[in-house]
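Below you'll find the structure, written out as C-alpha cells, and then a few comments.
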Amino acid sequence: NDQRATSLWYHDHTLGMTRLNVYAGPAGFYLIRGGPDDLAGGVLPGPAPSVGSDPLGTYYEIAIAIQDRSFNADGSKVVTACAGVGRHGYAAIWDTTTGLPLAPALAHDGEVQDARFSPDGSKVLTAAWDGTARLWDAASGNLLGGARYGTPVVAAAFSPDGSVVLTGSDKALGLLATATCERICG
C-alpha cells in the first residue's frame with residue numbers, strides 16, 4: 001500500500017444500519033503507518049481528550065469507531081458506543097457544547113454495540129459484544145449493575161417510563177428491572 005499514513009474507516013453504506021452491519025458484516029477501521037510523513041514506529045498522534053481537557057485543545061487520531069449514539073432529552077449530552085483498540089470497547093458521555101467527556105469511559109471487554117440514555121437522563125444503558133448489558137449513572141459514570149448473557153448483546157432499550165430494559169442478541173431477548181438491575185426474564 002503506497003497510501004500516506006492515515007486512519008481509514010470502512011463499512012456498508014446502508015443508512016441507519018451501521019451498528020447492525022458491524023455485528024453481521026464488514027465494518028471496522030485500521031491505521032496505516034509508515035512513510036516520511038509518519039511518526040516513529042508504535043507512536044500514535046495525540047493526546048486524546050479526557051475528563052477536564054482543554055476544550056480548545058488539538059486532538060488527533062483517537063483510535064475508536066463510533067458504533068451508535070444517543071442524545072439525552074434536552075440535547076446537552078450524547079453517549080457514544082465505541083469499538084476500541086483490540087477486543088475492548090466502551091461508551092462515552094460527552095458534553096455537546098464543549099465536545100469533551102463528562103465522565104470516565106464506560107468500559108466493556110468487547111465492542112459496545114448500543115448505548116442509550118434513560119428517559120429521565122439519569123442512567124445510561126450499554127450493550128456489548130462481551131455478552132453484557134450494563135446500567136451506569138449518567139452523572140458520575142459509576143456502574144450500577146447489569147446482566148451477563150451467553151451471547152453478544154447487540155441492542156438494548158429502555159421502556160417509555162424507564163422502569164424496564166429490553167436487551168437483544170441474535171439468540172434471545174432479555175428484560176431487566178432498572179431499579180434493581182435484576183433479570184425479569186431472558
Side-chain angles (χ1 to χ4, degrees), residues 19 22-23 44 46-57 59 62-169 172-186:
R19 174 175 46 88
V22 165
Y23 174 70
L44 290 177
S50 61
V51 175
S53 292
D54 178 1
L56 302 176
Y59 307 102
I62 303 165
I64 62 169
I66 296 174
Q67 307 290 83
D68 201 9
R69 55 48 205 130
S70 174
F71 288 89
N72 67 343
D74 69 6
S76 64
K77 299 176 187 176
V78 64
V79 60
T80 55
C82 304
V85 176
R87 63 183 196 93
H88 300 286
Y90 61 93
I93 303 169
W94 304 88
D95 183 304
T96 58
T97 303
T98 65
L100 292 174
L102 292 171
L106 314 178
H108 281 265
D109 289 329
E111 293 180 5
V112 177
Q113 298 293 307
D114 203 353
R116 300 276 168 238
F117 278 104
S118 60
D120 68 2
S122 67
K123 296 177 181 67
V124 169
L125 168 65
T126 56
W129 195 258
D130 62 6
T132 63
R134 295 179 180 164
L135 282 169
W136 309 83
D137 180 80
S140 67
N142 290 334
L143 179 63
L144 301 174
R148 179 169 293 282
Y149 298 90
T151 185
V153 182
V154 297
F158 284 96
S159 63
D161 67 359
S163 65
V164 175
V165 166
L166 171 70
T167 62
S169 72
L173 294 176
L175 293 174
L176 298 174
T178 305
T180 61
C181 296
E182 293 180 13
R183 283 189 191 182
I184 297 169
C185 70

Applying side-chain contact (heavy atoms from CB on, under 4.5 Å), name anything that partners T180, two or more places apart in sequence or on another chain.
-> A177, E182

Grab the two heavy atoms, one from G110 and one from A128, that are nearest each other, plus how far apart they are.
-> O-CB, 4.0 Å

Should L166 and L175 count as side-chain neighbours, where that means a heavy-atom distance under 4.5 Å?
-> yes

Nearest-0.5 Å distance, CZ of residue R116 to CG of residue L135 | 14.0 Å

Separation of W129 CH2 from T151 OG1 (nearest 0.5 Å) = 8.0 Å

Nearest heavy atoms of V79 and F117, plus distance in Å = N-CE1, 3.6 Å

Please list, chain by chain and in numerical order, all residues satisfying side-chain contact (heavy atoms from CB on, under 4.5 Å) with A147, sequence neighbours excluded.
-> Y149, L176, R183

Separation of F158 CZ from L125 CG (nearest 0.5 Å) | 4.5 Å

For A127, enumerate each residue passing the side-chain contact (heavy atoms from CB on, under 4.5 Å) test, keeping only those at least two apart in sequence or located in another chain.
-> D114, V153, A156

Output yes when a side-chain donor or acceptor of N72 lies under 3.5 Å from a complementary backbone atom of G121, and no otherwise.
-> no

Locate the shortest heavy-atom distance separating A103 from A139; write the atom from each residue and the value.
-> CB-O, 4.4 Å

Correct closest heavy-atom pair for A105 and Y90 would be CB-CD1, 3.9 Å

Distance (rounded to the nearest 0.5 Å) between N142 CG and L106 CG | 9.5 Å

Shortest non-hydrogen contact from S70 to A115?
-> CB-O, 3.3 Å

When rounded to the nearest 0.5 angstrom, what is the spacing between CG in D161 and OG1 in T178?
-> 8.0 Å

Measure the spacing between CG of D95 and CG of L102 and express it to the nearest 0.5 Å.
-> 5.0 Å

What pair of heavy atoms forms the shortest contact from T167 to A133, and how long is it?
-> CG2-CB, 3.5 Å

